[in-house]
Amino acid sequence: MTPHTQGGGPVRVGLIGAGVIGSGWAATCLGRGDQVLAHDPADGAETRTRAYLTAVWPLVRRAIPSAPKEVPHGRMTFTALADAVDGVVAVHESGPESVPAKRAIYAAIEAEADPGLLILSSSGGLMPSELQAEMTHPERLAVAHPLSPVYALPLVELLGGRLTSQQSLQAAETHLTRLGKRVVRLRREVSGYLTNRLTFALVREAVHCLMEGVAGPADIEDAVVYGVTPRWVQGGALTSLTLAGGPAGMRGVVDHFSSAIDGWWNDLGTPTMTPEVATALIAAADQITAGRSPEQLLAQRDEATVALVERFHAAGPGAAN
Ligand SMILES: NC(=O)c1ccc[n+]([C@@H]2O[C@H](COP(=O)([O-])OP(=O)(O)OC[C@H]3O[C@@H](n4cnc5c(N)ncnc54)[C@H](O)[C@@H]3O)[C@@H](O)[C@H]2O)c1
């Protein structure tokens, strides 16, 4: 079947794997008016996905103001893999985070799909060169890594492997931009990509400070929520550093603070996941989350994320830079 074109109107998108991330892609595509063809072999996958859409739709409507009032269940079909990769502009693979599992899924897709079909992996850190290594048409595989909740967070990291074509990366960027995503292209593949590397640099220091007794778990959380992240909404880590240089900006930072910064960097911790660290982390989490269920925590996180996205909408395109 010929794919629905990308002339600006709704298209048909294939989703392979409909867990947390696949369902998030479904919400994104349905919210933007597209048709979704989904495949997931798990028992109850369709019921679970439809229930998820119903639960999150009020937030989807806030994150995607053009989304319809009711969940457009009729625009989503759960089907066999062969049908989910037929006549679609791209397939988002959101199966388990394992190279063998993903390679097996690509083999199944390639057995059914047109050789030019764009395949986008949602992987959170696997190297695209490894993922595409056994493919017949590896040039059409790229990683398009979203963040959860997929329908709300604008960012998608896009990266290819050694064999990915520029044409595929361009087609992926066009597709993701049409879905309202803010695409960040990595210039080379690196494990964990960009967002997870940045996040885990902060997590590592949080664990170090916890283990060194610098502060308790709740205070470490407060330092991030009330101190670090509010200043990283408008510009990121590099903008913050620039502002530290006063009127001279980054030149002032380099001129006056280079040796102090080197001192801080050299003092940062490098904890490893020893049994002692693991025990301390579990105790810290129990203390921080006490009285709130995982569902409550997730709902609170998603609500806060959507509120921020609404602020981006109100401020206009490029507002976060
Ligand atoms: N959870 C996150 O926050 C997050 C964020 C970004 C990226 N990711 C990545 O997205 C991918 C999916 O993660 P998730 O959290 O949705 O996992 P998940 O376990 O919630 O969902 C995986 C789904 O894949 C299905 N599946 C298993 N084998 C399959 C097959 N052969 N064909 C089709 N579907 C199959 C499972 O039934 C399940 O529904 C992973 O690569 C993960 O690293 C996850």
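By convention here, the first residue in the shown sequence is residue 1. Whatever order the structure lists them in is the order used to number ligands and atoms, beginning at 1. All heavy atoms count here, side chains included; hydrogens, waters and symmetry mates do not.
Other residues, nucleotides and ligands place no more than 12 heavy atoms under 6.0 Å from the CZ atom of R162. At most 12 heavy atoms of other shown residues, nucleotides or ligands fall within 6.0 angstrom of atom CD in E70.
Annotation: atom 35 (C) of ligand 1 to nearest protein heavy atom, P41 CD, 3.5 Å. Of the protein's heavy atoms, V20 CB, 3.7 Å lies nearest to atom 15 (O) of ligand 1. Closest to atom 42 (C) of ligand 1, if we only count protein heavy atoms, is E97 OE1, 3.6 Å. Annotation: atom 38 (C) of ligand 1 to nearest protein heavy atom, D40 OD2, 3.4 Å. The protein non-hydrogen atom at the shortest distance from atom 21 (O) of ligand 1 is G19 CA, 3.3 Å.
For ligand 1, the atoms lying closer than 4.0 Å to a non-hydrogen atom of A42 are 37 (O). Atoms of ligand 1 lying under 4.0 Å from at least one heavy atom of I16, given by number and element, are 32 (N), 33 (C). Those atoms of ligand 1 that come under 4.0 Å of a heavy atom in K102, given as number and element, are 40 (C), 41 (O). Those atoms of ligand 1 that come under 4.0 Å of a heavy atom in P96, given as number and element, are 24 (O), 26 (N), 27 (C), 28 (N). Applying the 4.0 Å criterion to heavy atoms of R48 picks out, from ligand 1, the atoms 39 (O).
Using a cutoff of 4.0 Å between basic side-chain nitrogens and carboxylate oxygens, K102 and E134 are not scored as salt-bridged. In this structure, R178 pairs ionically with D34, as a charged nitrogen and a carboxylate oxygen lie closer than 4.0 Å. Of the charged side-chain nitrogens involved, at least one lies within less than 4.0 Å of a carboxylate oxygen, so that E303 and R62 count as a salt-bridged pair.
The main-chain N or O of A63 is found under 3.5 Å from a side-chain atom of H313 such that the two form a donor-acceptor pair.
In this structure, A45 falls outside the shell of residues with a heavy atom less than 4.0 angstrom from ligand 1. Assignment of E93 to the shell around ligand 1 is not supported, since no heavy atom sits closer than 4.0 Å.
Side-chain N/O atoms of T239 and T242 include no donor and acceptor closer than 3.5 Å.
Distances from atom 1 (N) of ligand 1 to the heavy atoms of I21, L131, V143 put I21 nearest. Of the listed residues (G95, S121, G124), the one carrying the non-hydrogen atom nearest atom 11 (C) of ligand 1 is G95. Closest heavy-atom approach to atom 7 (C) of ligand 1 among the candidates A108, G44, P149, S122: S122. Checking A84, S94, A38 against atom 22 (C) of ligand 1, the nearest heavy atom belongs to S94.
With rounding to the nearest 0.5 angstrom, the CG atom of D83 is 10.0 Å from the NE2 atom of H39. Taking OG1 of T305 as the start and OH of Y151 as the end, the distance is 8.0 Å to the nearest 0.5 Å. Note that NE2 of H73 and CG of L53 are 6.0 Å apart. Values are rounded to the nearest 0.5 Å.
When heavy-atom distances to ligand 1 are checked against a 4.0 Å cut-off, I105 comes that close only through its side chain, counted from C-beta outward. At a 4.0 Å heavy-atom cut-off, ligand 1 touches S148 through the side chain alone.
Using a 4.5 Å cut-off between side-chain heavy atoms of Ile, Leu, Val, Met, Phe, Trp and Tyr, with links allowed through other members, V228 and V214 fall into different hydrophobic clusters.
Atom 17 (O) of ligand 1 lies below 4.0 Å from none of the non-hydrogen atoms of the protein. Less than 4.0 angstrom separates atom 32 (N) of ligand 1 from at least one non-hydrogen atom of the protein.
At a threshold of 4.5 Å between non-hydrogen side-chain atoms, the residues P149 and L59 do not count as touching.
Closest heavy-atom contact between A113 and L117: CB-CD2, 3.6 Å.
The shortest N or O to N or O distance between H145 and ligand 1 is not below 3.5 Å. For ligand 1, the polar-atom distance check against P146 finds no nitrogen or oxygen pair separated by under 3.5 Å.
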